[in-house]
Amino acid sequence: MSDVLPETHNVEMTVSDEIAITIENMNKWYGTFHVLRDINLTVNRGERIVIAGPSGSGKSTLIRCINALEEHQKGAITVDGTLLSSDIKNIDKIRSEVGMCFQHFNLFPHLTILENCTLAPIWVRKIPKKEAEATAMHFLEKVKIPDQALKYPGQLSGGQQQRVAIARSLCMKPRIMLFDEPTSALDPEMIKEVLDTMVELAEEGMTMLCVTHEMGFARQVANRVIFMDQGQIVEQNEPEEFFNNPQNERTKLFLSQILGH
Amino acid sequence: MSDQQAQSVAFVRDTMLPQEAPPASQTGPVKWVRDNLFPDVFNAVLTLIALFFIYKILAGFLPWLMGGLWTTASLAECREILDGATGGCFSVLTERWNQLLFGFKYPPDQYWRPTLAFVMLFVAAAPLLFAMYVPSKVLYFTALYPFIAFWLIWGGTIVVPLVALLGFIVGYMAFKKVEAASFAGALGAAIVSAAVVWFVGGFLSDAMSGVLALPEVPSRDMGGFMLNFILGVVCVSLSLPIGILLALGRQSDMPIIKWICVVFIEFIRGVPLITLLFVANVVLAYFLPPGTTFDLILRVIIMITMFSSAYIAEVIRGGLAALPKGQYEAADSLGLDYAQSMRLIIMPQALKISIPGIVNVAVGLFKDTTLVSVISMFDLVGMIRGPILASTEWNGVYWELWGFAILMFFPVCYGISQYSQWLERKLATDHR
Ligand SMILES: Nc1ncnc2c1ncn2[C@@H]1O[C@H](COP(=O)(O)OP(=O)(O)O)[C@@H](O)[C@H]1O
Ligand SMILES: [Mg+2]
């Protein structure tokens, strides 16, 4: 795995006592297949959590349950004080507070970059178009692609598209951001530009849950690393402890594979 | 380039060679003919054979066209004048053009009405077809157009279309009022309030039947190409939205809605259109209480619309299936609700993918409107087969009449397909 970030400078951020997400005894099945088992997790505001684990261990499913892209069958998820139930009003409320970035960006190819960024604020938040555009330009500047605003997603590189996807989520002014392997579909030279954007976001105090294999990013930004295997949270710790002194056998095996020791 | 660099390099060209024209044998028509028509012996032979056939066709067709007669009173007179020479008997067109276009019962002094409606159609369609070039204010006219066109073509008092329009407006306002509370409730409120307006308006229009009245033309007097055109335009514009709803219903999570849509689509696709038309003609009337008149054109419109909307639904379902799941998830994760994500994200992309298929259905539908001739409606084909060929004057004039039918249908169908290709290019934004 490429450790493209310098390890020297660790991001210093304060974590507040306020709770952003609680997951209690959450279980999920796909048909009869038990994907997630007894997940318990509390995320405070301002935390940067990296979720690692082998492929198929349920990392994506876990964070997709948080914004109800997947339904859980047992247990409780509370996001920003709102209990996630099948009530569509609650789901829409949570989704507008929680931003999400996907492995394959999922930009809307028929809309320009600017329209991609203004669509949800205009239709969900009912913000006037002019204002939404100003906000969009602000975030596009932040991810360093304001000059591409009038192009279509297909005209941008993968790294640029992922940064637009981040900007698109930020335009909704979310309080929590979820990332599902945001750099896995990118060419190596583009990974850094996306990670830089995410580091910046972390520095501003955004609550973040990132599924990623970028261990350099985890060391630099995360205040907690969670290791999942077979649908369970096997181990969680601060990055230093996690990498230098893993407790669980499966964690050790995973780390030795991913870090190439 | 800087001086320093120029000095350090042994030779630098500072004037460019003038452009030369390519050798004559490599450009222009000569080269084109050689490359495209006679590149080798085999293709040269094919070219010659093709040229021979083109010659044969033109040699037969042109004298017939040029030598044609336009002013005789009957086929017999044509034959007499031609006296064995080649030539078409186009007089049937000069004599019967009005019947071919409007049917044989539409009052000739009222021809201006459907003609005006036809011209206005282009204005009404412009903002839908060329949204990027036409100011969106024209859409108000588009919304009014169906009512204006109905009034112009069928005549009667203007109160009838006004009441119909009012019903839609009241229904829409009722919908908007209740929408926030519940979608289903809003739909119900809209339907009920519109029905009330139409019911009350029914008495009103009976009482005011003289207000701004045009001479009434009943449905059975519609005919000729006008009938094909009315059926084509109405059915295409109705079946597109219905097809979208059916396609969405078919992939709905709600089992009842899903199964209604599946059964409807599969049933309609398993039945020939012509049987549906016979059903419209005979069986529907059988089911209706005696004494009720249920307009034949309306019945036919319902049947053709059902038929083509089932096909359009399947085309759109293909477009929906072609969209990556990530598009739905991205829309969901941004907090868009179902209606918004369908309208803003999913449908624009699915429809774009479906354009060729939809156009296919539309062109097919337009041509299939000629099937109404078998349930004794006098559309263009019905006119030709019926009153005109059966008349003593023109019995036996085939080529000229069917040629005219082709001339009517071809430009419309060709135009639709050209439009769709233009639209596809216009919408190609994904740069894949
Ligand atoms: N829609 C689905 N239906 C059935 N099984 C699924 C579905 N999505 C994921 N799975 C299964 O659930 C498990 C966990 O998947 P996922 O959360 O994507 O793992 P990860 O992101 O850690 O690679 C995998 O075994 C996968 O095959
Ligand atoms: Mg995954």
Side-chain angles (χ1 to χ4, degrees), chain A residues 60 63-64 66-71 88-113 115-126 150-156 161 164-165 168-174 176-180 185, chain B residues 131-132 136 176 179-186 244 248 252-255 257 316 319-356 358 420 423-432:
Chain A
S60 301
I63 67 167
R64 290 157 61 86
I66 295 174
N67 66 350
L69 284 185
E70 302 288 352
E71 218 180 339
I88 202 86
K89 287 244 156 63
N90 276 353
I91 292 179
D92 281 343
K93 178 162 183 290
I94 286 173
R95 281 177 179 163
S96 62
E97 301 299 329
V98 179
M100 180 153 196
C101 286
F102 302 86
Q103 185 174 357
H104 296 288
F105 334 133
N106 298 351
L107 294 179
F108 305 129
H110 63 301
L111 301 177
T112 63
I113 300 305
E115 288 165 343
N116 263 277
C117 293
T118 54
L119 184 104
I122 290 175
W123 290 95
V124 180
R125 292 251 190 270
K126 317 280 182 209
L150 298 179
K151 289 192 182 167
Y152 287 92
Q155 294 167 294
L156 269 55
Q161 289 193 43
V164 171
R168 176 176 74 179
S169 297
L170 293 179
C171 285
M172 287 293 282
K173 309 258 171 78
I176 300 164
M177 282 289 293
L178 309 173
F179 293 86
D180 191 359
Chain B
M132 49 294 253
S136 52
K176 275 284 158 203
E179 191 191 11
S182 125
F183 184 80
I244 292 176
L248 289 177
S252 158
D253 293 333
M254 288 176 272
I257 291 183
I316 293 175
L320 288 170
L323 281 195
K325 199 160 148 260
Q327 292 291 309
Y328 293 85
E329 291 177 350
D332 283 349
S333 74
L334 286 169
L336 296 172
D337 63 30
Y338 176 80
Q340 288 169 338
S341 65
M342 287 301 140
R343 189 156 63 87
L344 302 167
I345 309 298
I346 305 303
M347 269 305 152
Q349 297 184 63
L351 287 179
K352 190 164 90 182
I353 301 173
S354 317
I355 290 173
I358 293 175
S420 86
L423 187 63
E424 265 180 86
R425 282 196 302 275
K426 195 83 199 161
L427 295 178
T429 58
D430 41 0
H431 308 275
R432 281 193 194 139

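First the proteins, then the strands, lettered A, B, ... as listed; each starts at 1.
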Which region of B:Gln340, side chain (C-beta onward) or backbone (N, CA, C, O), has a non-hydrogen atom less than 4.5 Å from a non-hydrogen atom of chain A, or is it both or neither?
side chain

Measure distances from A:Arg64 to the heavy atoms of chain B and classify the residue's part below 4.5 Å as side chain, backbone, both or neither.
side chain

Heavy-atom nearest pair, B:Lys352 first then B:Leu427, reads NZ-O, 2.9 Å

Proximity breakdown for A:Leu107 and chain B, heavy-atom pairs closer than 4.5 Å
backbone

Looking at A:Arg125 and A:Met172, would you say the former's side chain and the latter's main chain have a donor-acceptor pair under 3.5 Å?
yes

Backbone N/O of B:Ser333 and side chain of A:Asn67: donor-acceptor pair under 3.5 Å
no

Quick one: does A:Gln155's side chain have a donor or acceptor within less than 3.5 Å of a partner on A:Tyr152's backbone?
yes

With a 4.5 angstrom heavy-atom cut-off, could you sort out which part of A:Phe108 is near chain B: side chain, backbone, both or neither?
both

